[in-house]
Student: 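I'd like to ask you about the structure that follows.
Each chain gets a letter, A, B and so on, in the order the sequences are listed, and its residues count up from 1.
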Number of protein chains: 2
Amino acid sequence: MVILPSPQQLRYLLALAEWRHFGRAASACAVTQSTLSAGILALERQLDVSLLDREVGKRVVFTLLGEEVIRRARVALEALEAISHVAQASREPMTGPMRLGVIPTIGPFILPRLIPLIREWFPQIRLIITEDMTERLLEKLTTGRLDVILLAMPCICEGLETVPLWRDPFVLAVPKSDALAKLPSVPLERLTEEPMVLLEDGHCLREQTVAVCRQGRDWGGSELESAHTASSLHTLVRMVGEGLGIGLLPGLAVDSGILEGTGVITRPVTGGPAWRTIGLGWRMRSPRTEDFRALAHTLKKLAPAEAEAALREDPVEV
Amino acid sequence: MVILPSPQQLRYLLALAEWRHFGRAASACAVTQSTLSAGILALERQLDVSLLDREVGKRVVFTLLGEEVIRRARVALEALEAISHVAQASREPMTGPMRLGVIPTIGPFILPRLIPLIREWFPQIRLIITEDMTERLLEKLTTGRLDVILLAMPCICEGLETVPLWRDPFVLAVPKSDALAKLPSVPLERLTEEPMVLLEDGHCLREQTVAVCRQGRDWGGSELESAHTASSLHTLVRMVGEGLGIGLLPGLAVDSGILEGTGVITRPVTGGPAWRTIGLGWRMRSPRTEDFRALAHTLKKLAPAEAEAALREDPVEV
DNA sequence: ATCATGTGATTGATAAAATCGATTGTTCGG
DNA sequence: CCGAACAATCGATTTTATCAATCACATGAT
């Protein structure tokens with residue numbers, strides 16, 4: 001049987017790696033310097049290797065092996081902490097802080113409904129909300145700075161568990177006076193007749209609307225480059241109102257009143273699938289996986305009835 | 001600061017999960033039953049949850065949370081053990097058992113040279129060799145039943161670190177009396193003139209030789225189905241000798257004398273790349289990564305001089 | 001019904017360890 | 001050469017892990 005390093009010793013080692021100073025590392029661990037020193041020594045003695053270079057002066061310099069052990073100690077302690085956390089989450093499900101990330105094309109339109117819903121169903125949950133674009137949300141999620149994110153699916157990111165919540169249909173936004181406004185609905189093919197206003201690069205909604213347009217007709221790079229770009233959906237609507245072009249809007253945004261007082265109206269688009277799927281995602285093997293599954297189940301209540309029904313009938317995601 | 005479960009307690013839990021019996025689990029851990037019982041109780045008390053269902057009789061039944069904690073305990077203990085192992089590997093590099101897997105189209109031809117080489121360079125290493133096909137080697141590697149494998153690259157398997165060692169050229173094997181035997185070398189295009197003898201499904205060499213043949217000409221499924229199949233390279237050579245068809249052989253096999261006394265001769269193939277790259281692979285983040293890198297460096301000495309040179313000049317792998 | 005048996009939990013004693021406060025021995029910078 | 005800063009060491013104390021023995025409670029055989 002192998003002698004395992006004690007978690008305490010590993011904590012001391014990580015603190016030392018962080019502070020590079022025995023005294024400060026010790027007070028960070030709430031122990032005396034002698035305790036931490038003894039702990040590091042004991043770890044080195046048990047492993048029968050030296051983790052610190054003690055040659056040069058009194059500075060804290062780790063050996064190559066020391067650095068490697070530090071990396072692995074982080075992993076091991078995280079795994080141990082996860083056991084505590086999963087126990088805590090099971091003891092008191094749906095309590096405590098929950099750091100939720102949300103993309104800018106969902107956040108402003110869903111949060112006014114989402115926050116009261118969570119307060120009602122899970123009053124013990126303290127939501128901490130971050131709004132950012134998909135890529136950076138994923139980075140924050142995988143590095144543990146977020147617990148759970150609300151985004152447009154599909155999301156290709158390994159180690160991520162996602163649940164589709166509902167479909168959000170795209171509708172065409174045109175100025176009241178536009179020719180297309182006279183039609184009851186607009187076929188996909190006609191979307192390229194007029195210039196398009198798109199979101200800035202980085203918004204996944206930009207790529208999704210472009211993909212919808214490309215369904216209708218070959219719509220090359222040149223038109224895309226000449227399109228106007230907006231930094232938010234609110235700006236995009238204003239620009240459509242100013243006659244700079246037409247735009248595709250998520251139904252979610254329209255439902256929450258983004259068009260009010262803008263002179264922009266919407267028409268449904270026909271001739272092909274035109275929606276995005278909104279889903280909830282979290283780190284696979286997160287200690288609070290069960291919490292997040294329950295949250296997803298509750299969040300489905302926020303779907304417009306017909307969107308949820310559509311997803312139920314055809315759960316295969318695009 | 002969260003209270004972490006002690007590794008010892010987790011070991012008790014895992015033993016209990018394995019034996020489902022306090023007494024037997026205790027002796028497996030070399031402690032008394034009371035110690036193990038107290039350990040489990042202490043773990044439950046510290047986590048403030050119940051891991052065992054103690055309602056029904058005296059049988060050992062885990063709660064759902066218990067099962068989850070057991071899974072995570074396995075991960076955490078592995079991470080802790082990895083720290084011990086990396087320390088041990090650094091303390092005594094290149095010692096102890098090393099479980100090497102090798103595919104059947106490499107093993108018989110390289111092991112007679114590889115084993116003495118390792119005995120000479122790393123006499124402390126105790127090789128334990130397993131021969132199997134790529135897929136099952138990878139499965140054994142990822143589940144920890146092998147430490148390192150020798151295979152044909154590229155190998156698409158995440159979590160695997162691989163190093164290319166040398167190129168092994170394919171040569172054409174034909175009966176001495178065959179028409180192609182009269183040529184000094186054979187262009188790829190002519191490989192499909194005669195029936196081909198291939199290895200059985202599952203050998204990666206089969207797919208590689210088919211890929212080489214396909215370079216020369218469109219060579220569809222029907223010819224493949226009608227090809228003869230051999231269960232080993234030795235059989236394949238015999239079948240070529242019997243006139244059942246021609247075959248592609250790794251130079252490695254030819255160099256080690258597979259053709260002796262068979263009436264089969266070889267010709268180089270021209271008109272396109274015709275080789276496989278042999279590499280060494282191991283679990284990324286294996287505690288003995290440094291050992292394996294050193295091993296790979298040494299194994300390169302087994303390459304025919306020209307093959308290693310080719311790889312040095314053009315290390316980009318196909 | 002009764003008792004033997006197998007099981008996990010409990011108890012009290014003992015050995016091992018973690019930790020603390022105080023001290024020692026180095027290494028720099030002035 | 002001295003003093004400040006720092007890590008290592010020492011001795012005392014508390015805490016923890018472990019053991020052997022025992023208890024409490026099922027189950028099954030008679």
Side-chain angles (χ1 to χ4, degrees), chain A residues 1-63 66 69-70 73 77 80 84, chain B residues 1-63 66 69-70 73 77 80 84:
Chain A
M1 192 77 77
V2 198
I3 296 175
L4 297 185
S6 91
Q8 191 72 315
Q9 290 168 356
L10 297 184
R11 279 214 274 227
Y12 293 164
L13 183 68
L14 290 193
L16 187 59
E18 185 175 357
W19 295 95
R20 307 207 157 243
H21 185 291
F22 277 70
R24 279 186 268 281
S27 42
C29 294
V31 294
T32 61
Q33 171 263 320
S34 74
T35 297
L36 188 129
S37 185
I40 300 287
L41 267 305
L43 183 61
E44 289 184 289
R45 182 171 42 78
Q46 286 168 19
L47 294 180
D48 192 17
V49 293
S50 53
L51 304 173
L52 286 164
D53 261 332
R54 291 186 175 75
E55 325 243 333
V56 270
K58 289 285 187 165
R59 278 176 309 146
V60 173
V61 179
F62 292 99
T63 61
V69 169
I70 287 167
L77 284 184
L80 288 175
S84 283
Chain B
M1 191 78 78
V2 198
I3 295 175
L4 297 184
S6 94
Q8 190 72 313
Q9 290 168 355
L10 298 185
R11 278 214 275 227
Y12 293 163
L13 183 67
L14 290 193
L16 187 58
E18 184 174 357
W19 296 96
R20 306 205 157 245
H21 183 291
F22 277 70
R24 279 186 269 280
S27 42
C29 295
V31 294
T32 61
Q33 172 263 320
S34 76
T35 297
L36 188 129
S37 185
I40 300 287
L41 267 306
L43 183 60
E44 289 185 289
R45 183 170 40 80
Q46 284 167 23
L47 294 180
D48 193 17
V49 293
S50 53
L51 304 173
L52 287 164
D53 262 333
R54 292 188 174 76
E55 325 244 334
V56 268
K58 289 286 186 169
R59 279 177 309 145
V60 172
V61 178
F62 292 99
T63 62
V69 169
I70 287 166
L77 284 183
L80 287 174
S84 283

Student: Drop me the distance from A/L36's CG to A/Q9's CD, to the nearest 0.5 angstrom.
Tutor: 10.5 Å
Student: Please name all residues satisfying side-chain contact (heavy atoms from CB on, under 4.5 Å) with B/A73, sequence neighbours left out, ordered by chain then number.
Tutor: A/I83, B/L10, B/L14
Student: Enumerate the residue pairs fulfilling side chain to side chain donor-acceptor pair (under 3.5 Å) with a member in residues 21-40 of chain B, sequence neighbours excluded, ordered by first and then second residue.
Tutor: B/H21-B/R24, B/T32-B/S34, B/T32-B/T35
Student: If I take atom CG from residue A/L51 and atom CG from residue A/L41, how far apart are they, to the nearest 0.5 angstrom?
Tutor: 10.0 Å
Student: Side chain of A/S37 only, heavy atoms from C-beta on: which candidate in C/dA9, D/dT9, C/dT7 is closest?
Tutor: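 For A/S37, the side-chain atoms sit closest to D/dT9.
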Student: How many whole angstroms separate atom NE2 of B/H21 from atom C1' of D/dA26?
Tutor: 14 Å
Student: Given atom CZ of B/R11 and atom P of D/dA17, what is their separation to the nearest angstrom?
Tutor: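 Spelled out: CZ on B/R11 to P on D/dA17 is 14 Å.
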Student: What is the distance from CG of B/L4 to P of D/dT16, rounded to the nearest Å?
Tutor: 15 Å
Student: How close or far is atom P of C/dT7 from atom CD1 of B/I40, stated in whole angstroms?
Tutor: 17 Å
Student: In whole angstrom, what separates B/L41's CG from D/dT16's P?
Tutor: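 Taking CG of B/L41 and P of D/dT16, I get 16 Å after rounding.
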Student: Look at all strands and tell whether B/G39 reaches a base, only sugar-phosphate, or nothing, counting heavy atoms closer than 4.0 Å.
Tutor: nothing
Student: Examine distances only and state if a side-chain atom of A/E44 and a backbone atom of A/L52 form a donor-acceptor pair shorter than 3.5 Å.
Tutor: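 Looks like yes, one N/O pair under 3.5 Å.
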Student: When every nucleotide of nucleotides 14-21 of chain C is labelled 5' to 3' by its protein contacts under 4.0 Å (heavy atoms), B for base, S for sugar-phosphate only, - for none, what sequence of letters results?
Tutor: ----SSBB
Student: Can you tell me the distance, in whole Å, between the CZ atom of B/F22 and the P atom of C/dT7?
Tutor: 12 Å
Student: Look up atom CD1 in B/I3 and atom CG in A/L80, then write down how far apart they are to the nearest 0.5 Å.
Tutor: 13.5 Å
